[in-house]
Amino acid sequence: MEDNKDIIQNNDVPERQPLDRKTVIKLNRDIGSKNQLKGWLYLAPALLLLIIFSFYPLINTFRMAFLNGYNGLAIVGGESFNLGVENFKTVIGYVDFKQCLKNTILLCVVTVPISTILALLIAVALNSIKPLQKVFQTVFFLPYVTNSIAIGMVFNAMFTRVGLGDLIQTQGIINNILGLFGIGPFNFVNVGSSWGANMFVVCTYIVWNAIPFKILVLLGGLQNVNKQYYEAAKIDGTSKVRTFFRITIPLVSPMLAYVIITSFIGGFKEYSSIVGIFGEGMGPGGNGQMNTIVGYVYNMLPKSNLGNASAASLILFAIILVVTAINGYVSKKKVHY
Amino acid sequence: MADLKNYNLKELNVRSASRSQRVSKIVGNVITYIFLAVMAVIVIFPFYWMIISSLKTMDEYRANVPTLWPQNIYFENFATAFSKANLKDLFLHTLLVGTISTVLSLVVTVLSAFAFARLQFKGKNVVFGLLMATMMVPGELYTITNYLTVSGRLPFVEEPIQALDFTNTFAVLIFPMLVSVFYIYLLRQTFMQIPNELYLAAKVDGTSDFKYLWKVMLPLSVSTIITITILKMMGAWNAYIWPRLVANDQAHQLITNGLRGASFTDEFGEVNYPAQMAAVTIVSIPLFLIFVFLRKYIMRGVSRSGIKG
């Protein structure tokens, strides 16, 4: 935002006498009293849209979630519903939902630490070099502006084997590369592939996709660290490893906390990367074994299972709130501001 | 004599220490560069594979031993991609939706950011706090009800109202997502940087609020406006979930939905991967261009929000 100040300074706003305090107060008062209606007028378009498409849905989602068995078809039938927590019980009881919950939690638990550690290592490495720094920086930001469906399809192609049984023509480039090290071949994403193999592909993609944003934030943090800390450590003969853990990590801990919170939230809302890889079937051959909570919510919609969909989305909201709260609590103890 | 000996030893130690330090520094540098190079290759590889696959013939793509560069470059795939995925129509739909939503969104965002940044009225802070609080709520929570709303199913009304069924229109792709609290916040912050003195001076001269906003504040906030424009356009380009739910017919389909939904299966029931990769490449090109030329504007907005488009 520094730019704005420059623009203002360079702009040819005519020089004028600074207004005295009395006039300013009077002006402010005048403006204030005249603008009562005006303010709301300027806000009206945004508020109108937000009321229809954000505030009302928020209330309505709670209403639908707490009406037992609320269902689009039953409404047309003229049925009425009792207040209660039946929907939550039903949703939690579903095997499908448990699978979605398990997938989502596992995705978060695996990808958040891996991508954060990798991004931190890359950011520290980037920060320590001079030649080629800009080149590497550009390369690492490249996956940042991508279409997650489109690149998901590329990942699918890289892991897919073409052909069936004995007639397999190519194992896919990843299997080919693993073959160079004498590993595999695996059935990663084709029909009949295992849950674990699918999970591996999805996690790889999510980590790949998540790294640029984290490097961006962490590198920004590292570049703002006062060089004197490192010089002091050098003079004391502190080892590199010790410097990393005792100086670097504490000083970028606010950025680390931010990056971890946002990626947990993103992880719990994971959906489109899996659609990118597997299509809307959310699994090899559309078997749904990689489905997530968000995917579960969207599957319920066309089926008019509104009560269950609302309950599932509220469970997601609750999980996100809890994770944010835990992160906030841990940050307060560990983060050095 | 003993002193001299000691002195020499000390100097020797210092020298060897500095040499070993230098060696370890070089080794460290080499390791750093190797690590970065390996990671860079991994990061780039999917893009590389996408592009070279899009230029291969089916036979070459399926070859047992993969080629790292197409033997003969086969541009045909791009023509196939255009026809199979109906890309021309998808482009036009996306451009239309993207442009209209960007323009309308800018109008709404500018007006509300101005009200929050400059105008004084009762209840301003309450409303602002309320809007900020909605940033915490995952969008999925809205989608269920919005899906009902746009298909004409209102609360406490049993039958869906046909006249209010807006599914499969462009309007439904534009309006529900028009207001972004984040953009309002971003622009408000920019507006707040403009000194209030300017506003008061304009008031003394009898300039209207609207003229002041148009002539002074907007020109000073161009970079934030550009950021919002890019993010909004990218939003239309990458939108998938909402369009799939409410407007996924041929006449309104957006590019990402078309790309995922398109069938690249040929007459023998085999997936034409080179054509698919060509389609993916075409969809990725505008994003690459944005990345190359307008990166700083995206970075500015996104490093504060953690959202993509």
Side-chain angles (χ1 to χ4, degrees), chain A residues 1 3-4 7-8 16 19 24 27 31-32 35-36 38-40 42-43 45-46 49-50 53-54 57-58 60-61 75-76 78 122 125 128-129 136 139-140 142-143 145-147 149-151 153-155 157-158 162 169-170 173 176 216-217 262 269 272 294 297 301 309-310 313 316-317 320, chain B residues 32 35-36 39-40 43-44 46 49-50 53 62-64 66 108 111-112 114-115 119-122 124 134 137-138 140-142 144-147 155 158-159 176 178-179 184 190 193 198 200-201 203 209 220 223 238 240 245 256 259-260 273 276-277 280 283-284 287 290-291 298-299 303 306:
Chain A
M1 291 297 110
D3 308 6
N4 287 325
I7 298 168
I8 291 167
R16 57 171 76 243
L19 301 168
V24 170
L27 268 171
I31 294 162
N35 278 0
Q36 283 301 331
K38 204 178 229 169
W40 291 102
Y42 274 74
L43 278 186
L49 285 165
L50 281 175
F53 295 114
S54 296
L58 201 58
N60 197 38
T61 304
I75 309 166
V76 179
I122 294 175
S128 73
I129 61 168
F136 275 120
V139 169
F140 285 118
L142 206 53
V145 257
T146 50
N147 182 314
I149 301 275
I151 304 299
M153 289 164 77
V154 177
F155 269 73
M158 293 197 304
V162 181
Q169 288 156 313
T170 172
I173 185 66
N176 287 325
L216 173 73
V217 174
T262 50
K269 299 200 310 191
S272 49
V294 171
V297 171
L301 279 188
S310 306
S313 71
L316 174 70
F317 187 29
I320 290 177
Chain B
T32 307
F35 169 70
L36 285 176
M39 294 313 290
V43 163
I44 292 219
W49 193 248
M50 165 182 90
S53 297
R62 286 185 302 202
N64 208 351
V108 173
L111 290 179
S112 14
F114 180 67
L119 303 179
Q120 308 292 332
F121 53 96
K122 281 201 188 80
K124 179 169 94 163
T134 62
V137 181
E140 287 72 20
L141 229 58
Y142 306 139
I144 305 167
T145 303
N146 284 343
Y147 172 68
E158 286 165 15
E159 292 283 338
L178 201 61
V179 186
I184 296 179
T190 312
Q193 310 250 330
L198 280 180
L200 297 175
K203 283 279 120 185
D209 276 341
L220 289 176
S223 68
N238 292 337
Y240 178 79
L245 276 175
T256 307
L259 179 70
R260 185 65 265 189
Y273 278 103
Q276 194 190 37
M277 288 303 107
V280 170
V283 170
S284 301
L287 295 171
I290 287 179
F291 177 78
I298 311 173
M299 299 300 182
S303 58

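Naming: A, B, ... by sequence-line order, numbering from 1 per chain.
- Within the model, atoms CG of B:Leu119 and NZ of A:Lys38 stand 7.0 Å from one another, a figure rounded to the nearest 0.5 Å.
- Among B:Pro138, B:Pro176, B:Ser284, B:Ser112, the residue making the largest number of heavy-atom pairs under 4.5 Å with chain A is B:Pro176.
- Residue contact with chain B, scored on non-hydrogen atoms closer than 4.5 Å, involves the side chain of A:Ile320 exclusively.
- Scanning for side-chain contact (heavy atoms from CB on, under 4.5 Å) contacts around B:Pro66 gives A:Ile173, A:Asn176, B:Trp49, with sequence neighbours left out.
- For the residue pair A:Leu43 and B:Ala115, the shortest heavy atom distance occurs at CG-CB, 3.9 Å.
- With sequence neighbours excluded, the residues that form a side-chain contact (heavy atoms from CB on, under 4.5 Å) with A:Leu58 are B:Val137, B:Leu141, B:Tyr142.
- Going from atom CG of B:Asn238 over to atom OG1 of A:Thr146 covers 7.5 Å, rounded to the nearest 0.5 Å.
- A heavy-atom distance below 4.5 Å is found between the side chains of B:Leu36 and A:Phe140.
- B:Met50 CE to A:Ile151 CD1: the interatomic distance, rounded to the nearest 0.5 Å, is 5.0 Å.
- Interface residue B:Val283: only side-chain heavy atoms are found under 4.5 Å from chain A.
- Nearest heavy-atom pair, B:Val280 versus A:Ala150, reported as atom, atom and distance to 0.1 Å: CG1-O, 3.5 Å.
- With a 4.5 angstrom heavy-atom cutoff, A:Phe317 touches chain B via backbone and side-chain atoms both.
- Listed options A:Ala309, A:Ser54, A:Pro45, A:Ser272 were ranked by heavy-atom pairs under 4.5 angstrom with chain B; first place goes to A:Ser54.
- Within the 4.5 Å cutoff, the side chain of B:Phe35 has heavy atoms near those of the A:Ile122 side chain.
- Minimum heavy-atom separation, A:Ser313 to B:Ile144: OG-CD1, 3.6 Å.
- With values rounded to the nearest 0.5 angstrom, A:Met158 atom CE is found 12.5 Å from B:Tyr273 atom OH.
- In this structure, chain A has a heavy atom under 4.5 Å from the side chain of B:Met277, while its backbone stays farther away.
- Among A:Leu49, A:Asn60, A:Val297, A:Leu142, the residue making the largest number of heavy-atom pairs under 4.5 Å with chain B is A:Leu142.
- Taking chain B as the reference chain and counting heavy-atom pairs below 4.5 Å, the highest number among A:Ala157, A:Ala125, A:Pro57 is found for A:Pro57.
- In terms of non-hydrogen atom pairs under 4.5 Å with chain B, the most contact-rich of A:Ala46, A:Ser128, A:Ser310 is A:Ala46.
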